[in-house]
K.L.:
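Here you go, one structure.
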Amino acid sequence: MARLAQTAGLTDVQSEILATVRQFVDKEVIPHAQELEHADTYPADIVEGMKEMGLFGITIPEEYGGLGESLLTYALVVEEIARGWMSVSGVINTHFIVAHMISRHGTDAQKQHFLPRMATGEVRGSFSMSEPDLGSDVAAIKTRAKKTGDGYVIDGSKMWLTNGGSSNLIALLVKTDEGAEKPHQNLTTFLVEKPEGFGEVAPGLTIPGKIDKMGYKGVDTTEAVFDGYEIGADMVLGEAPGKGFAYMMDGVEVGRVNVAARACGIAIRAFELAVEYAQQRKTFGKAIAEHQAVAFKLAEMATKVEAVHLMMVNAARLKDSGARNDVEAGMAKLIASEYCAEVTQDAFRIHGGYGYSKEYEIERLMREAPFLLIGEGTSEIQKTIISRGLLREYKSRS
């Protein structure tokens with residue numbers, strides 16, 4: 001059979017992009033990931049390489065200098081990158097979501113202002129919904145933007161900004177007073193331009209230092225503190241106050257496909273490491289891969305990898321077709337993150353004691369996989385989305 005996680009029906013352009021990215025990952029990411037991750041060092045050289053390949057503009061329309069590729073192409077690129085090091089895929093994930101939101105919902109002026117520079121990587125995006133006291137309950141956001149003349153003043157604290165320090169554009173969801181009865185209709189998305197770095201990066205905006213994490217190192221995760229931060233009304237996404245929640249959910253929907261792709265990438269790498277080690281490690285006079293217990297475990301791991309890849313591809317293709325894919329994206333994210341954790345742990349067990357050593361790559365994957373159970377909505381949130389969609393589709397007629 002062919003290598004796991006192959007995708008049927010790709011164009012020549014898609015195949016060429018994926019081959020180029022895979023070669024880049026094998027030569028420039030995997031050999032350096034361990035050292036950079038253990039030192040929690042930002043992968044600056046790798047990021048420059050991704051800029052040169054045009055990956056920051058992969059889904060941005062060609063009229064704005066991007067490659068104009070599909071969500072499927074992007075997801076498959078993310079799968080390849082995460083196979084090398086998940087943190088590198090995190091560098092472009094939030095950027096991709098912000099670019100998607102601007103492309104879909106921004107005004108013509110906002111598209112002209114941001115997208116050409118986002119396509120080159122000159123402008124790099126992060127996005128912010130969570131706060132210190134809330135995660136999944138987005139409608140309970142406390143950070144507020146108060147209307148003042150021609151603009152707004154923002155006050156409040158946000159949490160868990162991936163690329164919070166290294167980005168220079170934040171898509172920020174805050175509460176505004178629109179007089180709506182439903183809480184989510186009083187939420188607005190702002191496009192906040194800022195310098196890169198930490199500390200008080202602009203009057204009224206502070207990005208504290210990096211949050212120290214169990215895994216997902218190298219990429220910076222931060223808070224953002226707004227204290228009287230002034231911003232113009234023209235920086236409301238789409239110049240549409242009160243529609244921020246809908247715009248953010250559109251971004252999160254494609255983000256869930258991205259997380260599923262990252263989980264696929266890690267699971268693929270965990271399987272590769274396990275199947276290689278199982279053929280080299282010998283016990284009782286033969287390779288452990290020849291012992292039925294290990295062989296069956298490898299079979300289960302490969303089956304899970306193939307299943308989550310197919311579900312991720314299906315969710316991406318549905319979105320590309322223009323169809324609603326909230327249920328399918330939720331399903332893909334749910335099963336991919338859960339199976340990724342299981343496959344990674346099985347690979348860890350196959351490595352035995354060596355898997356606990358930082359000299360072996362599987363140790364890093366064991367710290368990275370759990371993040372995907374939480375990012376872009378926990379498994380429980382995915383089940384809520386899936387069940388609501390199913391009940392909507394299969395509504396009883398009795």
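Note that the structure is a prediction, hence the values are computed from the model and not measured.
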K.L.:
Would you indicate whether the side-chain heavy atoms of Leu55 and Ile81 approach each other to under 4.5 Å?
P.N.:
yes
K.L.:
Less than 4.0 Å between a side-chain N and a carboxylate O, is that true for Glu363 and Arg367?
P.N.:
yes
K.L.:
From Arg83 CZ over to Leu365 CG, what is the distance, rounded to the nearest 0.5 angstrom?
P.N.:
11.5 Å
K.L.:
Looking at Val192, Val225, Asp227, which hits side chain to side chain contact (heavy atoms under 4.5 Å, CB included) with Leu205?
P.N.:
Val192
K.L.:
Minimum heavy-atom separation for Asp40 to Gly218, with atom names?
P.N.:
OD1-N, 2.7 Å
K.L.:
If you measure from CZ on Arg22 to CZ on Arg3, what distance do you get to the nearest 0.5 Å?
P.N.:
3.5 Å
K.L.:
CD/Glu200 to CD1/Ile207 distance, rounded to the nearest 0.5 angstrom?
P.N.:
11.0 Å
K.L.:
Could you measure the distance from the CD1 atom of Ile102 to the OG1 atom of Thr107? Nearest 0.5 Å is fine.
P.N.:
9.5 Å
K.L.:
Provide the closest heavy-atom pair for Trp85 versus Pro43 in the form atom of the first, atom of the second, distance.
P.N.:
CZ3-CB, 3.9 Å
K.L.:
For the residue pair Arg124 and Ser167, what are the closest heavy atoms and their distance?
P.N.:
O-CB, 3.1 Å
K.L.:
Evaluate the side-chain proximity of Thr189 to Phe127: yes if any heavy-atom separation is below 4.5 Å, no if none is.
P.N.:
no
K.L.:
Could you measure the distance from the CG atom of Leu18 to the CD atom of Glu79? Nearest 0.5 Å is fine.
P.N.:
8.5 Å
K.L.:
Is Lys333 paired with Glu376 through a side-chain N to carboxylate O contact shorter than 4.0 Å?
P.N.:
no
K.L.:
For side chain to side chain contact (heavy atoms under 4.5 Å, CB included), just list the numbers for Glu80 and Thr20, CA-CA rounded to whole Å, side-chain angles, deciding distance to a tenth of an Å, and then say yes or no.
P.N.:
CA-CA 10 Å; Glu80 292 289 356; Thr20 301; over 6 Å; no
K.L.:
Are the charged groups of Glu48 and Lys51 less than 4.0 angstrom apart, N to O?
P.N.:
yes
K.L.:
Please check if any side-chain donor atom of Glu178 sits under 3.5 Å from a side-chain acceptor atom of Thr176, or the reverse.
P.N.:
yes
K.L.:
Would you say Leu71 and Thr59 make side-chain contact, with heavy atoms under 4.5 Å?
P.N.:
no
K.L.:
Give me the ring orientation class for Phe226 and Tyr229: parallel if the planes are under 30° apart, tilted from 30 to 60°, perpendicular past 60°.
P.N.:
perpendicular
K.L.:
Checking Leu273 against His351 for the side chain to side chain contact (heavy atoms under 4.5 Å, CB included) test, could you report, in this order, the C-alpha distance in whole Å, the side-chain angles of both residues, the deciding distance, and whether it holds?
P.N.:
CA-CA 9 Å; Leu273 294 171; His351 279 76; 4.0 Å; yes
K.L.:
Salt bridge between Lys142 and Glu131, side-chain N to carboxylate O under 4.0 Å?
P.N.:
no
K.L.:
Is the shortest side-chain heavy-atom distance between Asp326 and Arg392 below 4.5 Å?
P.N.:
yes
K.L.:
At their closest point, which heavy atom of His100 faces which heavy atom of Gly251, and how far apart are they?
P.N.:
CD2-CA, 4.3 Å
K.L.:
Should the heavy atoms of other residues, nucleotides or ligands under 6.0 Å from NZ of Lys358 be counted, would the total exceed 12?
P.N.:
yes
K.L.:
Return the minimal non-hydrogen interatomic distance between Leu187 and Lys175, and the atom names on each side.
P.N.:
CD2-CA, 3.9 Å
K.L.:
So, using side-chain contact (heavy atoms from CB on, under 4.5 Å) as the criterion, who are the partners of Met235 when residues are at least two apart?
P.N.:
Phe114, Leu191, Glu193, Ile231
K.L.:
Going through the distances and angles, do Tyr74 and Asn93 end up as a side chain to side chain contact (heavy atoms under 4.5 Å, CB included)?
P.N.:
CA-CA 10 Å; Tyr74 175 75; Asn93 176 40; 4.2 Å; yes
K.L.:
Out of the candidates Val78, Thr73, Ile92, only one should pair with Ile58 under the side chain to side chain contact (heavy atoms under 4.5 Å, CB included) rule; please name it.
P.N.:
Thr73
K.L.:
If you count the non-hydrogen atoms of other residues, nucleotides and ligands that lie under 6.0 Å from OH in Tyr339, is the total more than 12?
P.N.:
no
K.L.:
I'd like to know if Glu380 and Lys383 make a salt bridge, using a cut-off of under 4.0 Å between side-chain N and carboxylate O.
P.N.:
no
K.L.:
Taking Leu372 as the starting point, is it possible to reach Val308 by hopping between hydrophobic residues whose side chains are less than 4.5 Å apart?
P.N.:
no
K.L.:
Would you say NZ of Lys182 has more than 12 non-hydrogen atoms from neighbouring residues, nucleotides or ligands within 6.0 angstrom?
P.N.:
no
K.L.:
Could you walk me through whether Glu272 and Arg269 satisfy the salt bridge (charged side-chain N to carboxylate O under 4.0 Å, His left out) test, starting with their C-alpha distance in whole Å, then the side-chain angles of each, then the deciding distance to 0.1 Å, before giving a yes or no?
P.N.:
CA-CA 5 Å; Glu272 289 174 348; Arg269 185 59 181 165; 3.1 Å; yes
K.L.:
State whether the number of non-hydrogen atoms from other residues, nucleotides or ligands found under 6.0 Å of Lys243 atom NZ is greater than 12.
P.N.:
no
K.L.:
Does a donor on one side chain sit under 3.5 Å from an acceptor on the other, for Asn163 and His95?
P.N.:
no
K.L.:
Are more than 12 heavy atoms from other residues, nucleotides or ligands located less than 6.0 Å from atom CD of Glu63?
P.N.:
yes
K.L.:
Are His113 and Asp234 packed together at the side-chain level, in the sense that at least one heavy-atom pair is separated by less than 4.5 angstrom?
P.N.:
no
K.L.:
Is there a side chain to side chain contact (heavy atoms under 4.5 Å, CB included) between Met312 and Leu76 once you walk through the steps?
P.N.:
CA-CA 9 Å; Met312 178 271 291; Leu76 295 174; 4.1 Å; yes
K.L.:
Of His38, Glu37, Gln34, which is the lone residue that meets side chain to side chain donor-acceptor pair (under 3.5 Å) with Arg364?
P.N.:
Gln34
K.L.:
Is the count of non-hydrogen atoms from other residues, nucleotides or ligands lying under 6.0 Å from Glu16 atom CD greater than 12?
P.N.:
no
K.L.:
State the CD-CD1 distance between Gln280 and Ile288, to the nearest 0.5 angstrom.
P.N.:
10.0 Å
K.L.:
Taking all non-hydrogen atoms of both residues into account, name the closest pair between Gly84 and Val25 and its distance.
P.N.:
CA-CG1, 3.6 Å
K.L.:
Kindly state each residue pair satisfying ring-ring contact (aromatic ring centres under 6.0 Å, His included) with at least one member in residues 154-186, sequence neighbours excluded.
P.N.:
His184-Phe245
